[in-house]
Q: 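One structure, pasted below without further comment.
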Amino acid sequence: VTALLLDLDGVLYEGERALPGAADTVAWLAQQNIPHLFLTNTTSRPRSVLVEKLAGFDIHTTVDRILTPPVAATRWLTNRGVDSVALFVPEATQSEFKAWRLTSETPDAVVVGDLGEVWDFSTLNRAFRLLMSEPHPPLVALGMTRYWQAPDGLRLDTGPFVRALEYAAGVEAVVMGKPAGPFFHAALDILGATANETIMIGDDIRGDIDGAQGAGLRAVLVRTGKYRPADLELGVNPNDVIPSVAEVPTWYPGPANPRPE
Ligand SMILES: [Mg+2]
């Protein structure tokens, strides 16, 4: 059985418009019991909002099929037996960490997300001091995006703050979010699949294709979303290129009726 990981934006929809065939493909995945997850780097909206957005496109899935950086982080924390965490994440993201004891002293892990305008010197310095405590707690980053386009202009995202903390504390963050390996590993862990029986489908040659291949998966590029022909000249070679997600049922390499999940 081949498991599938699918990107959302640019694969199932573009902006506020579903891509043709996306709803049928997702229905086909469910009907055929093909193990699959949707991978997105979005941290600003809870998964339930993404499920509602998809439902608006007549694409039907469930919250537990959507993997976001906070969810991957909780998986990592669980596997590490982490008990207490210090959170530097926006309020909307905090609810994903309900199962952990929140502490501002000697945490087992420090989790950093897109705090936006909440960042100031004392907040950043507080995270730094926690990372310097003995034994050093791991730094878990909910993505390494450098900046994003806000309505009023470009804004710093999570990456620059994580880099500052890594630099100051002399540590390397465990990054959750494409293209980082731990994010794909969390997806495999949830599906109970190995890298070589799993294929990532995405429109981003770097985040989806290069990232997945770096984690040992195969990766298929769709010619929708942010895809541009020049993407194929960047030295990254997708295992396959298909016109769009609509082709997945005819392209899918597994048996017609794989084992139920
Ligand atoms: Mg995309």
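These figures come from a predicted structure and were not determined experimentally. Hydrogens, waters and symmetry mates are skipped; everything else that's a heavy atom, side chains included, is used. Numbering of ligands and ligand atoms starts at 1, following listing order.
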Q: Provide the atom name of the closest N, O or S atom of D7 relative to the Mg ion (ligand 1).
A: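 Of the nitrogen, oxygen and sulfur atoms in D7, the Mg ion (ligand 1) lies nearest to OD2.
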Q: So, is D203 placed with an N/O/S atom under 2.8 Å from the Mg ion (ligand 1), counting both backbone and side chain?
A: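 Of the N, O and S atoms in D203, at least one lies under 2.8 Å from the Mg ion (ligand 1), which means yes.
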Q: Tell me whether D204 has at least one N, O or S atom under 2.8 Å from the Mg ion (ligand 1).
A: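 No.
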Q: What is the name of the N/O/S atom in D9 that sits closest to the Mg ion (ligand 1)?
A: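 Distance check against the Mg ion (ligand 1) picks out O in D9.
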Q: Tell me if a side-chain donor or acceptor on D231 pairs with a main-chain N or O of R228 at a distance below 3.5 Å.
A: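 Judged by distance alone, yes, a pair lies under 3.5 Å.
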Q: For Y252 and W28, take the angle between the two ring planes, folded into 0 to 90°, and tell me which bin it lands in: parallel under 30, tilted 30 to 60, perpendicular over 60.
A: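 Answer is perpendicular, since the angle exceeds 60°.
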Q: Of all heavy-atom pairs between F183 and L67, which one has the smallest distance, and what is that distance?
A: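 Taking F183 first and L67 second, the nearest heavy atoms are CZ-O, 3.5 Å.
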Q: Salt bridge (Lys or Arg N to Asp or Glu O under 4.0 Å) with K226: which of D204, D7, D203?
A: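 Of D204, D7, D203, salt bridge (Lys or Arg N to Asp or Glu O under 4.0 Å) with K226 is met by D204 alone.
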